[in-house]
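Presented below is the structure to which this report refers.
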Amino acid sequence: MVKAVVGANWGDEGKGKITDMLAQEADIVIRFQGGANAGHTIVNNYGKFALHTLPSGVFYSHVTNIIGNGVALNVPRLFQEIKELTDRSVPSPHIMISDRAQLVMPYHILLDTYEEARLAGKSFGSTKSGIAPFYSDKFAKIGFQVSELFDEDLLQEKVLRVCELKNVLLEHLYHQDPIRPEELLETLHEYRRMVEPYVGNVSAFLDAAIKEGKNILLEGQLGTMKDPDHGIYPMVTSSSTLAAYGAIGAGLPPYEIKKIIAVTKAYSSAVGAGAFVSEIFGEEADELRRRGGDGGEYGATTGRPRRMGWYDCVASRYGCRLQAATDVALTVLDVLGYLDEIPVCTGYEIDGQVTTEFPVTWKLEKAKPVLTVLPGWKCDIRGIRSYDELPENCRKYIEFIEAQIGYPVTMISNGPGREDIIYRQSSLS
Ligand code: GDP
């Protein structure tokens, strides 16, 4: 059985926690897109960890953790992350790297950084991890596939060809030092030594695993709003964040993905620029940011303070629809226990008209939130394990959101730990 855990919002919904929890019963966990530009925060019996490239199954020794072909693989970062785990007594995880994954090159990171500086105030809020230059090169067919590290003649020829191109940009657009091909080749030899023990034919491995009835988890990064096609273009990431892309970015049949768990947070947060309709500001936002997540809403990769907002039913309904959610996991609900009243965004007013359909970006920029205010429950719900034991107003909040988004909320997360989860039978299932 193949399941996907994906984000229904802007990312940071708590996918890492849900994946870590579901990985207990998984044989294989796969990252199928994105790179080290975002992070999953996981709290378990080993401590608190921020994963960027590693799949969230790395804390279980029975799980094979796969870096799929759709991922932007930053080799030094991957090995640094593995070391951070083993340094803190996590057993060495089982890792497999797709021979069709491509490499984030040192010049991708440089070009990302220089381009952000060149754009100055008009930048896209890149994390400068090289992700946009990486995917541009992949589709311009000048990327380096992991498999190519093992063909020395091809590698030498390609390094020369690519340096020629990149050096024009580096020298003439950004006025920086050129890349030296021999240095780059040496770096790639080092990458080859590092990845060699882990490289494999992932789609063949998954084909056999599916036939053997193994449990496979696809782990998405970011969320629907950051998808390059269906998100808030151009304030998006450079690879598809949708469950459907899991089939491509891992190399398995689309019809094998039987369960799609769309993760949505009980309030909203976003990083980077772009329209964010239910955003709140000032002390109201500061307080939610301070209390949010597990130790505050600050980027797992960048440490940047996240932008905060009320729950957005318009964005989440659209987010779940594009993910094709079979299940919704509503996370971080415990954080809202301090509020007397909780506003929820139920519509967008655009040019005097109210809509509940998530619009294209230029219309989104004009949208004002239509809010419905629900009563709070004013208590700590951590530790509760059954739905019926939740305070009535808390259940009403969940049921209101479920009715608005139209997808079944079957999991409620009320704390950062693996065991902080309430399963629920939804009438929409
Ligand atoms: P991801 O990228 O989607 O995995 O999300 P992040 O890891 O960036 O953000 C989620 C944050 O919320 C992390 O700090 C988690 O430990 C924390 N978290 C996840 N679920 C819950 C929850 O139900 N309650 C609380 N308080 N924190 C949670």
Side-chain angles (χ1 to χ4, degrees), residues 4-23 29 31 33-59 81 127 129 217-226 237 241 243 261-272 287-308 311 316 319 323 328-339 380-385 390 394 397-398 409 411-424:
V5 178
V6 286
N9 304 128
W10 296 263
D12 307 319
E13 300 95 344
K15 296 176 294 295
K17 179 239 158 107
I18 300 291
T19 312
D20 174 62
M21 193 188 87
L22 294 174
V29 180
R31 281 283 311 270
Q33 46 88 219
N37 53 327
H40 296 306
T41 314
I42 294 179
V43 182
N44 56 30
N45 39 343
Y46 294 106
K48 183 172 178 173
F49 297 87
L51 301 180
H52 306 279
T53 299
L54 284 172
S56 299
V58 285
F59 300 99
E81 244 175 75
T127 59
S129 312
L217 262 188
L218 296 166
E219 178 178 21
Q221 182 213 37
L222 297 168
T224 307
M225 306 309 147
K226 295 286 184 181
T237 193
T241 56
I261 298 145
V263 185
T264 185
K265 195 155 62 179
Y267 52 88
S268 301
S269 73
V271 285
E287 174 145 41
L288 185 55
R289 183 180 301 112
R290 252 193 330 269
R291 292 171 175 269
D294 178 39
E297 290 282 357
Y298 302 92
T301 301
T302 57
R304 292 190 286 194
R306 292 175 181 154
R307 297 165 69 192
M308 307 302 297
Y311 191 80
S316 300
Q323 292 293 10
V328 175
L330 184 66
T331 59
V332 206
L333 190 62
D334 50 304
V335 160
L336 299 182
Y338 73 99
L339 290 160
D380 186 4
I381 59 163
R382 277 205 196 179
I384 294 178
R385 295 286 172 269
L390 286 172
C394 183
Y397 185 79
I398 297 163
V409 176
M411 279 175 243
I412 294 139
S413 172
N414 59 341
R418 274 176 190 170
E419 63 296 336
D420 297 321
I421 195 81
I422 299 169
Y423 291 96
R424 167 174 182 264

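Atoms within each ligand, like the ligands themselves, are counted from 1 in listed order.
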Please report the interatomic distance [atom1]([X]) to [atom2]([Y]), rounded to the nearest 0.5 Å.
| X | Y | atom1 | atom2 | result |
| --- | --- | --- | --- | --- |
| T224 | N9 | OG1 | CG | 7.5 Å |
| S129 | H52 | OG | NE2 | 9.5 Å |
| N414 | L330 | CG | CG | 10.5 Å |
| K15 | H40 | NZ | NE2 | 5.5 Å |

Shortest heavy-atom approach to atom 13 (C) of ligand 1 - which of V335, D20, T41: T41
Option set G293, A266, S56, G292, criterion heavy-atom distance to atom 27 (N) of ligand 1, minimum: G293
Has ligand 1 got any nitrogen or oxygen that is less than 3.5 angstrom from a nitrogen or oxygen of [X]?
| X | answer |
| --- | --- |
| D334 | yes |
| T331 | no |
| L333 | no |
| G11 | no |
| V332 | yes |

T331 and K17: CA distance, side-chain angles, deciding distance, side-chain hydrogen bond (donor to acceptor under 3.5 Å, both in side chains) verdict: CA-CA 9 Å; T331 59; K17 179 239 158 107; over 6 Å; no
Within the 6.0 Å centroid threshold, strictly below: Y311 and Y397: no
Residue part near ligand 1, for N414, under 4.0 Å between non-hydrogen atoms: backbone
SB check D20 R418 (cutoff 4.0 Å): yes
Should [X] be listed as contacting ligand 1, given a heavy-atom distance under 4.0 Å as the test?
| X | answer |
| --- | --- |
| G415 | yes |
| R382 | yes |
| D420 | no |

Near [X], which atoms of ligand 1 are under 4.0 Å from a heavy atom of that residue?
| X | value |
| --- | --- |
| H40 | 1 (P), 2 (O), 4 (O), 7 (O) |
| R306 | 8 (O), 9 (O) |
| S413 | 20 (N), 21 (C), 22 (C), 23 (O) |

Closest non-hydrogen atom pair, T53 against A36: OG1-CB, 3.5 Å
4.5 Å side-chain heavy-atom contact, Y267 and E297: yes
